[in-house]
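See structure below.
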Amino acid sequence: MSIICCNWKMNGSVELLNQYAKSLPVSEHQLVLLPPTPLINAAIKILPKEWAVGAQACHAESHGAYTGMVSSELLAEVGAKYVLVGHSERRAFEDESFLSSAFYKAEAMQIQPILCVGETWDERSQVYEVLTKQLALLKLAKLPEIWVAYEPRWAIGTGKTPEVSEVEVIFSWLRQEIQGLSPRQSDKIRLLYGGSVGVNNFQEFFSSKNIDGGLIGGASLKLEQIREMLL
Ligand code: PGA
């Protein structure tokens, strides 16, 4: 069984939720949907119970004058179970200290953070240095599970992916690094690969023993593709 985590980004609609509910097969995979925040409530009502619903980001503060942002407190109130922290499309305006506070606020509200890490194209030769910095905040993680999505930034939405053999080396390093940072959760580490996962390559990625599942963006908006991945 793999984890299939769908990141709709700023896409989707109530209609797409209804299509998910009507046309997707019952799946043995662990399913998580991250719709835009205004759809969280509808997603919880419309989707079958095997889908957990989460958010794509949360603020580091519990409340305050932060127009347009959303706190973990509110996400918990509407029933979100997961939240992305540090997605690369947000890292430009969320620094490490913000992300660390956002991560721990989510944990405090019993929302499972999914920490997103990954290097840019230019950083490929220093990938381990980049990942070491991005993972450092896990040192104080408290929830029983740790979820990390490795997404090379250059693979997101581009149709380019690294070789599965290259990714496997990174994933085995990631697991060891996280075990070192958070020994308490060492057997509860969930590692997702993200970046241009689709029908043509998901089997290759998901059959790798070090990869627990995928964070799927563009392909999760295409019913045919997501259906095939769930079968
Ligand atoms: P993609 O996005 O599957 O469209 O590359 C993945 C993500 O941004 O999480």
Side-chain angles (χ1 to χ4, degrees), residues 2-13 16 19-20 24 27 29-37 39-40 43 51-58 70 75 80-94 99 102-103 106 111-124 127 130-131 134-135 146-164 166-167 170-171 174 190-208 211-230:
S2 297
I3 299 165
I4 298 196
C5 186
C6 296
N7 174 16
W8 278 5
K9 311 192 183 198
M10 201 172 68
N11 300 294
S13 57
L16 186 58
Q19 288 171 347
Y20 258 50
L24 294 184
S27 175
H29 298 302
Q30 185 174 352
L31 306 175
V32 180
L33 175 67
L34 310 173
T37 308
L39 290 180
I40 290 177
W51 283 91
V53 179
Q56 299 170 12
C58 62
V70 62
L75 290 176
K81 301 287 184 232
Y82 294 83
V83 64
L84 297 180
V85 173
H87 190 281
S88 73
E89 285 153 15
R90 302 188 58 90
R91 276 189 182 262
F93 47 95
E94 292 178 346
L99 293 177
F103 185 98
I111 297 176
Q112 176 69 56
I114 305 172
L115 178 66
C116 300
V117 297
E119 79 290 2
T120 63
W121 181 259
D122 290 341
E123 290 169 337
R124 279 169 311 140
V127 59
V130 172
L131 296 180
Q134 294 172 339
L135 292 171
I146 291 195
W147 286 49
V148 170
Y150 168 63
E151 303 195 289
R153 289 204 203 186
W154 50 271
I156 296 179
T158 58
K160 287 189 210 147
T161 54
E163 296 294 324
V164 176
E166 286 166 28
V167 170
I170 294 183
F171 272 75
L174 278 171
R190 307 285 177 251
L191 297 182
L192 309 181
Y193 169 78
S196 296
V197 175
V199 278
N200 300 329
N201 58 17
F202 77 99
Q203 266 156 342
E204 240 190 310
F205 281 111
F206 295 178
S207 57
S208 160
I211 303 178
D212 299 309
L215 180 55
I216 300 157
S220 70
L221 300 167
K222 298 183 184 124
L223 265 191
E224 281 315 310
Q225 292 218 16
I226 198 71
R227 194 206 322 259
E228 204 170 319
M229 291 187 222
L230 295 198

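First listed ligand is number 1; within each ligand, the first listed atom is number 1. In this text, all values refer to a predicted model and were calculated from it rather than measured experimentally.
Under a 4.0 Å heavy-atom criterion, S196 is in contact with ligand 1. The shortest separation from a heavy atom of A219 to ligand 1 is not under 4.0 Å, leaving the residue out of contact.
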Next on the checklist: Using side-chain contact (heavy atoms from CB on, under 4.5 Å), reason through Y20 and I226 one step at a time and then give a plain yes or no.
Outcome noted: CA-CA 9 Å; Y20 258 50; I226 198 71; 4.1 Å; yes
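Among K160, K9, R153, H87, the residue whose heavy atom lies closest to atom 2 (O) of ligand 1 is K9. Here atom 4 (O) of ligand 1 lies nearest to G218 when heavy atoms of G218, S220, G195 are compared.
Looking at N7 against ligand 1, only its side chain comes within 4.0 Å, counting heavy atoms.
The side chain to side chain contact (heavy atoms under 4.5 Å, CB included) test with I114 singles out one residue from N7, V85, L84, and that residue is L84.
In this structure, the protein non-hydrogen atom closest to atom 9 (O) of ligand 1 is E151 OE2, 2.7 Å.
Taking 4.5 Å as the limit, every side-chain heavy atom of V167 sits out of range of all side-chain heavy atoms of T161.
Side chain of S196 to main chain of G159: a donor-acceptor pair is present (N/O by atom type, distance under 3.5 Å, no hydrogens or angles).
Considering both main-chain and side-chain atoms, I216 never comes within under 3.5 Å of ligand 1 through any nitrogen or oxygen pair. For ligand 1, the polar-atom distance check finds an N/O of G217 within less than 3.5 Å of one of the ligand's N/O atoms.
Using a 30° and 60° split on the angle between ring planes, Y193 and F205 fall in the parallel class, below 30°.
By the salt bridge (Lys or Arg N to Asp or Glu O under 4.0 Å) test, K81 is found to be paired with no residue, residues two or more places apart in sequence or in another chain being considered. The side chain to side chain contact (heavy atoms under 4.5 Å, CB included) test applied to E119 returns E123, R124, V127, V130, Y150, P152, W154, not counting sequence neighbours.
Of all the atoms in ligand 1, the ones that sit under 4.0 Å from a non-hydrogen atom of G157 are 1 (P), 4 (O), 5 (O).
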